[in-house]
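Have a look at the structure below before the remarks.
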Number of protein chains: 2
Amino acid sequence: MKRASQTKRTTIYDLAEMAGTSASAVSAVLNGNWKKRRISAQLAEKITRLAEEQGYALNMQASVLRRERSKIVGMIVPKYDNRYFGSIVEQFEAMARERGLFPIVTCTRRDPALEIEAARAMLSYQVDCLIATGATDPDRIAEICSAAGVRAVNLDLPGSRVPSVISDNFSGALELTRRVLANCEREFGEKTPLLFVGGRGTDHNTSERVRGFRTAHAETGVAVDETLVLTCGYAPEKAESAMKSLAARVETLPRGMFVNSTISLEGVMRWIRRSGHYTDQVPLLGCFDWDPFVAMLGDHIEMIRQDVPRMLDAVFEIIESGATDAKVIQIPPIVEKIG
Amino acid sequence: MKRASQTKRTTIYDLAEMAGTSASAVSAVLNGNWKKRRISAQLAEKITRLAEEQGYALNMQASVLRRERSKIVGMIVPKYDNRYFGSIVEQFEAMARERGLFPIVTCTRRDPALEIEAARAMLSYQVDCLIATGATDPDRIAEICSAAGVRAVNLDLPGSRVPSVISDNFSGALELTRRVLANCEREFGEKTPLLFVGGRGTDHNTSERVRGFRTAHAETGVAVDETLVLTCGYAPEKAESAMKSLAARVETLPRGMFVNSTISLEGVMRWIRRSGHYTDQVPLLGCFDWDPFVAMLGDHIEMIRQDVPRMLDAVFEIIESGATDAKVIQIPPIVEKIG
DNA sequence: CTCGCTTGCTCAATCGATGAAGCAGCATTG
DNA sequence: CAATGCTGCTTCATCGATTGAGCAAGCGAG
C-alpha cells in the first residue's frame, strides 16, 4: 500500500477524493477538531484509517501559513561544546515537545553577526517566540523580534528589553570564591588572593562573578590583587595565553584560581600541564561551571553547576504567562560536592 | 520608521502598495531573480530600500509552500552531552549555512520512538533531506523518508537502505587496543587481556570495535577473556553497574580497559574512584572517543577521536551528488597523542 | 505606416491547510 | 403544518510567495 516514492506527497485533497468527501472534512478530522465541526465518528474513522494507510503527513508549511500561531519556538545558543549549553538545548527541546511546540535551535558560535542572521532566519520561519541564550547583544535581538511582533526571552545573559533568566552569578561566585579561599588557607596555612580568569569583562555574568569574587575576598580580609583579574574571553586559547603572559610578568603565581567556565578551564589546565609551573603543588581551583570529567580531575577543584532545569522552567513560565516586562530572574546555582 | 509591533507583519503586498507596483515585482526583486524577470534596476533599488526601511522579512512558510525545494535540511542526533555529537551538530549547521540551507536539528535521547516521531515531524516541515545520526533503527527512518520522497543519509551508525558515513571502527579499535595492550606489557611486564566495556552489542559500531579488539589480542598472542566483554549500553549508569557486578564475580580485575565512548567512561571512572579498587595501580585505559578533560585525566588514557570534519564532508558530498545507493563510507578516526 | 522585437512590468493561478458561512435533510414542537 | 433546531456535511476565501502567461509601450527596420 506504499506510494511510489516519485509521486507527490499525499495531501488532504487526495484523501478527500479517496474517501469521497471534502478536503475540509479531512482537515477537521486530522487536526482533531472534528467533534467541533460535527463530522460523524464513522467518517472520522474512515479518514483516519485512509490517512494511515497512505502514510499521510501534514504539510506544516501550509498549516502554519494559514494559522495565526506557528507553535514553533526558536533558540539560539553560542556553542554545543560544553555540558551547560548541551543540557540547555536538550532540556529546551524536551520541554517544548511536551507542550506540543516544535523547537528549532541554532548555534551562533559567539559571532554577533551570526546571532542577528540566525534571529532573522528564525523570524522568517514564523517562530512564535525566540530564546536568546548567551547572546552578545540580546537587546538587538529583542528589538528585531519586537518589530516582528514576536516574543523574546533572554537566557544565561540578561538584556534590558525583554524578560531574562540567568544564574545568580553573584551568590554562586561568592560561595565558590569562599570555598577556594578556605581551601587555600587550610592547605597553605595562610590567606592568599586568588586569580580570576576567563569570561568577557563586559558581559553581565562575568562582572557579577567578579563582584562575588571581590566580596568573598573582602569578607575573608584578603585584598584582591587587581593584576590577577584576567577577563580575557572564554575561549581556551585566550585563557591559555592569559596564563602564559601572567607567568611572564609575575614572580610568584597565585595558589588558587577562580576559572570562569569549563571552556576557559580547558585552556588553563592545558597551560598548567604544559608550562611546567605548578609541578610541585597544584593550584586549588574553583570553576564556575560543571563537567563530569573535570570533577574527576582531582580533589582540588570546586565547581558551581548552573541549575538548567530550573532555568528552563522559568523560561517556559515566562513564555506561558505572556510576561513582557524586562525583569531578570536569577536562579541559584548548585554547589557541587568535591569527589 | 518602525512599524507598530501590534500590526501584522509586512508582506510583499504591503511593499507593492507602498512602491506603487505589483507583488510579483517585489517578489522578483527580493528573491534576486529580477534580472531574469526584467525588472529595471531603478525599481529594484526602490523596492530593496523600502523593504529594508520596513524591516520586511520573508515568510518562509509561504515561500516553501510554493517552491519545489524547501532548502531545509534536518538532522536527528542522540544526545548533546558529549564532544562528538556536539561537534557533529556544530559542523553540520555551519556547512548547511555555507550552502544556503537551513539546518534543523533535534535530539532524540536514544529513544527509538522519539526518533521516529522526530523524523516524521521533520518531514512535515518539508525537509529536503534528513541525516539520521546514531539512530537506533536507521532503516526505519530511511523507509519513512523514502515514502515521502525525501533523501536520507545515515551518520555514525550505518543502515542498509541509504548511504552511510561512519568511522572506521575496526581500524580505530584495532589501533587503540594495540596501544593499550602495549602499555600494559610495558607497565606490568606481562601480556594481559583487556576489558571491553560500553556500547550496545547489537549496534554495528560496537561489534566492529569488538572485532578490532579481538584482532589486536590475537596479533599480540593474548587470548580474549570472554567474560570481560561487557557491551552493557552506553549510559554511565550502565557502565558503572557493569563494573560493579564484574568486580563482584572475578577475583582479579583487568589491568587495562577499552572503554567504548566518553559517555561510558564517565560511569567507569566514577566506579573506579568510588569502589576503592585500583587504588594501588590505576588501570591503563583506551577510550574510543575524545574529550579534552579526559585527556587531562592522566597519562594512562589513550584516545581515539572520530574525524568529524571529514565525516561531514562526506555527508554533504553524498547529498550534493544525489547518491542513493546504500554504500558505507568509513572515515579513519584519529589517534590522539597522550599528554 | 506596420511588423517584429525588446523592455518592463502586471495578472492570476497555484502550493496545502484552515475555518467561517451556508445548505440540505431530518426530527421535534406548539 | 409551519417553525425551529440539530446533524453532517460542502463551499469558498484566505494565508504570502512564486511564476508562467500576457500585455502595453517604445523603437528600429523595411
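All figures in this text were calculated on a predicted structure; none of them were measured in a lab.
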Under 4.5 Å between any side-chain heavy atoms of [X] and [Y], yes or no?
X: A/Val105; Y: B/Val89; answer: no
X: A/Glu115; Y: A/Thr136; answer: yes
X: B/Ser164; Y: B/Leu157; answer: no

Between [N] ([atom2]) and [X] ([atom1]): distance, integer Å:
X: A/Lys36; N: D/dC9; atom1: NZ; atom2: C1'; answer: 17 Å
X: B/Gln61; N: C/dT18; atom1: CD; atom2: P; answer: 13 Å
X: A/Arg9; N: C/dA17; atom1: CZ; atom2: P; answer: 10 Å
X: B/Lys35; N: C/dT6; atom1: NZ; atom2: P; answer: 18 Å
X: B/Ile39; N: D/dC23; atom1: CD1; atom2: C1'; answer: 14 Å
X: A/Leu65; N: C/dT14; atom1: CG; atom2: C1'; answer: 12 Å

Next item on the list: Verify, without hydrogens or angle tests, whether B/Asn33 (side chain) and B/Lys36 (backbone) share a donor-acceptor contact under 3.5 angstrom.
Entry: no

Next item on the list: Kindly calculate the angle separating the two end axes of the helix from C/dC1-D/dG30 to C/dG30-D/dC1, each obtained from five base pairs, and round it to 10 degrees.
Entry: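 So the angle between the two local helix axes works out to 70°.
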
Note to self: Side chains of A/Gln54 and A/Thr10 only: does a donor on one sit below 3.5 Å from an acceptor on the other?
What the structure shows: no

Next item on the list: Using only heavy-atom distances, determine whether the side chains of B/Tyr234 and B/Asn82 contain a donor-acceptor pair under 3.5 Å.
Entry: no

Is the closest basic N to carboxylate O distance between [X] and [Y] below 4.0 Å?
X: B/Glu45; Y: B/Arg49; result: no
X: B/Glu117; Y: A/Arg97; result: no
X: B/Lys327; Y: B/Asp325; result: yes

Next item on the list: Answer yes if the ring centres of A/Tyr125 and B/Tyr125 are under 6.0 angstrom apart, and no otherwise.
Entry: no

Polar atom pairs (N or O), protein with nucleotides 17-22 of chain D, under 3.5 Å:
unit_1: D/dA17; atom_1: OP1; unit_2: B/Tyr56; atom_2: OH; d: 2.2
unit_1: D/dA17; atom_1: OP1; unit_2: B/Asn59; atom_2: N; d: 3.4
unit_1: D/dA17; atom_1: OP2; unit_2: B/Ile12; atom_2: N; d: 2.6
unit_1: D/dA17; atom_1: N7; unit_2: B/Tyr13; atom_2: OH; d: 2.9
unit_1: D/dA17; atom_1: N6; unit_2: B/Tyr13; atom_2: OH; d: 3.3
unit_1: D/dT18; atom_1: OP1; unit_2: B/Ser63; atom_2: OG; d: 3.1
unit_1: D/dT18; atom_1: OP2; unit_2: B/Ser27; atom_2: OG; d: 2.8
unit_1: D/dT18; atom_1: OP2; unit_2: B/Asn31; atom_2: ND2; d: 3.2
unit_1: D/dT18; atom_1: O2; unit_2: B/Arg66; atom_2: NE; d: 3.4
unit_1: D/dT18; atom_1: O2; unit_2: B/Arg66; atom_2: NH2; d: 3.2
unit_1: D/dG20; atom_1: N7; unit_2: B/Arg37; atom_2: NH1; d: 3.1
unit_1: D/dG20; atom_1: O6; unit_2: B/Arg37; atom_2: NH2; d: 2.8

Check: Between A/Met75 and A/Leu130, which heavy-atom pair has the shortest distance, and what is it?
Finding: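 That would be N-CD1, 4.0 Å.
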
Check: Residues from residues 40-51 of chain B sitting under 4.0 Å of DNA chain D, heavy atoms only?
Finding: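 Per residue number, the list is empty: none.
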
